[in-house]
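Positions are given from 1, in the same order as the sequence printed here. Below, each value reflects all heavy atoms present in this structure, side chains not excepted, and no hydrogens, waters or symmetry copies.
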Amino acid sequence: KMATIFGFGEEVAVINNQLLRLAVEEQAPAAVQVYGPDSGAKDSDVKALRLDLRRILKIDNLWAFTSLRKLQLDNNLIEKIENLDSLVHLEWLDLSFNQIEVIEGLDKLTKLKDLTLHQNCITKLEGLDALTELEVLSIGNNQLATLEEAPLLYLRRFRHLSCLNAAGNPMCTDPRYETYVVAFLPNLRFLDYRRIAQETRISAIITYQDQLEVVTAREQTAEQASQAAEEARAKAQRYADACVPGLEGQAFFKTMLDPNLKCLTALPGVSELLDAFQQRLCQQVDAFAEIALAKAVDRRQEANELREALATGIAEVNAEGASLIDQFIDQKTEALARLAEGSDDDEVDLQSLLDALAAVKHQLMGNEIELVAQMEEIEGTFERNYADMVASLKEQAQTVFADLRQMEEETQARVNDVAMAYLDALAKGEEDKSLELSLEAQEVLRDKPALAAAMTTAHDNHMLAIDNAEDAVSTLAAAELTNLMGALTSAEAKRNRARVAELCKFHDYHQEDLHRIENEL
């Protein structure tokens, strides 16, 4: 039922098919007033929808209205903003005069330019982060208590916001209200339905000059941090796409170097040995990463060329098929026209049309079978070439990581020699008294068995880090080929099924139509 009993005899509505159909019928232009299963009109064709003054309690069932640009839900009983994710083209939304307490549920409405939340129960400005195109915000007659608690500074992120209507909130009684808003929202042109005078803007900026400098500096720092984080994320993604996730020399060395080795840098020559190891390792790793990134570009180019070739082949076969279909339809249209003019049945041979239709279907199906065979052959050749490219990357990785293992073993042995020499000097009382060893180093250098155990642990950890990095390259490279071929195969199977179904539908439709005409005759 469209209505249920609410409160003291009040009726509230839910947004169901009946309500939506009535609303669309009422608001459709006269030329397309009929709205129903036989009208050809679809929910996805509707660009604007008005559902105001209908005592709606909950937003729901709007998923099919994917082309909406304007939605009016004011003067209802709505308590929560929800179920709007499918309205991704929405530019204008009116939710005024409802019972909304929290701004939420708007994350998918990235094209929204005008939002009205006037006369609700909102206590905080939030939940608008995704609305980067927002130009007009009406938030008047809510419960925004103070300028700081609102907080008004939240709106500084909306670079296109030129009109703000907030009158009627408790914060507006603050003597600072207008000056504060104008100072901290420099892109505003209208505040509470009035144009902001230039004199007001200049005075506001002077009044809050010191605070503006602090806020601006803080925002710049945050923006720089955000930009750096985004660049780091993009770089990490590039490395992952190239099958070398996190494989940057400095970062890899820092995570790989075992504390048991690192703590021995106070011993003479150890710091130099580790620095040389780090330098050589970073050079090798970074050089390999650059090669991997370049190879990834080559593989993507190879995959793109394959997709273009497949698309071209499909387009050519479809064009040939369309030509055959057009020829048959022209033949059928001409024959039926002669029949309509009163030609003899013998002159209009329906069986010949049926035979022609069967021949067209046979030809189209043959073309599709041939296309599938050609595509399988092309994809097979591509898979072999791509596998060779992946194998080349894996071979390069094997060479690089073998070099890293050798470097590690050489460095490990030399550090061990230095540490053993220190223990020998210590046993003879000839150690360098000026050395300041950390507690960790003292534990490692407690005696020769402790040193041997620490060096073994360090070596094992280094080898494990190198093995894991190499395994990650090999695993991702193999998965890349598997996933790519799987996606191509799945897409082709889906296309083939759709094409076969389309051809069968064409054949069945015209066959039934010709049989119908034959029966009528």
Under the ring pair (Phe, Tyr, Trp, His ring centres under 6.0 Å) definition, can you give me all pairs with a residue in [range], not counting sequence neighbours?
range            : result
residues 395-444 : none
residues 262-304 : Phe253-Phe277
residues 309-328 : Phe328-His510

Next on the checklist: More than 12 heavy atoms of other residues, nucleotides or ligands under 6.0 Å from CD of Glu492: yes or no?
Outcome noted: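 Buried by this count: over 12 neighbours within 6.0 Å.
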
Next on the checklist: Could you check whether atom CD of Glu377 has more than 12 heavy atoms from other residues, nucleotides or ligands sitting under 6.0 Å from it?
Outcome noted: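 Incorrect, the count does not exceed 12.
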
Using the side-chain hydrogen bond (donor to acceptor under 3.5 Å, both in side chains) criterion, which residues pair with [X]? Sequence neighbours excluded.
X      : value
Glu316 : none
Asp286 : none
Glu376 : none
Asn496 : Glu368

Item to check | Listed partners of Asp467 passing salt bridge (charged side-chain N to carboxylate O under 4.0 Å, His left out), at least two apart | outcome: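 Result, salt bridge (charged side-chain N to carboxylate O under 4.0 Å, His left out) vs Asp467: Arg405.
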
Item to check | Within residues 297-308 or reaching into it, pairs that qualify as salt bridge (charged side-chain N to carboxylate O under 4.0 Å, His left out) - sequence neighbours excluded | outcome: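 Passing the test, one end in residues 297-308: Arg299-Glu480.
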
Checklist entry - Which pairs count as salt bridge (charged side-chain N to carboxylate O under 4.0 Å, His left out) when at least one residue sits in residues 243-261, sequence neighbours excluded? => result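 Pairs touching residues 243-261 that pass the test: Lys235-Glu248.
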
Item to check | Working for side-chain contact (heavy atoms from CB on, under 4.5 Å), residues Ile81 and Leu117 | outcome: CA-CA 11 Å; Ile81 306 173; Leu117 293 166; 4.1 Å; yes

Side-chain donor-acceptor distances from residues 411-420 under 3.5 Å, at least two apart:
unit_1 : atom_1 : unit_2 : atom_2 : d
Thr411 : OG1    : Met407 : O      : 2.9
Gln412 : NE2    : Met455 : O      : 2.5

Checklist entry - Would you say Arg69's side chain and Ser67's backbone share a donor-acceptor pair under 3.5 angstrom? => result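 Looks like yes, one N/O pair under 3.5 Å.
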
Item to check | Backbone of Leu212 reached by a side-chain donor or acceptor of Thr216 within 3.5 Å | outcome: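 Between the backbone of Leu212 and the side chain of Thr216 there is a qualifying donor-acceptor contact (under 3.5 Å).
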
Item to check | side chain to side chain donor-acceptor pair (under 3.5 Å) contacts touching residues 146-156 (sequence neighbours left out) | outcome: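 Passing the test, one end in residues 146-156: Asp129-Tyr154, Glu148-Arg176, Arg156-Glu219.
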
Next on the checklist: If the threshold is 4.0 Å, N to carboxylate O, is there a salt bridge linking Glu502 and Lys505?
Outcome noted: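 No, no charged N to carboxylate O under 4.0 Å.
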
Checklist entry - When Lys111 is tested against each of His89, Glu91, Glu133 for side-chain hydrogen bond (donor to acceptor under 3.5 Å, both in side chains), which residue passes? => result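 Of His89, Glu91, Glu133, side-chain hydrogen bond (donor to acceptor under 3.5 Å, both in side chains) with Lys111 is met by His89 alone.
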
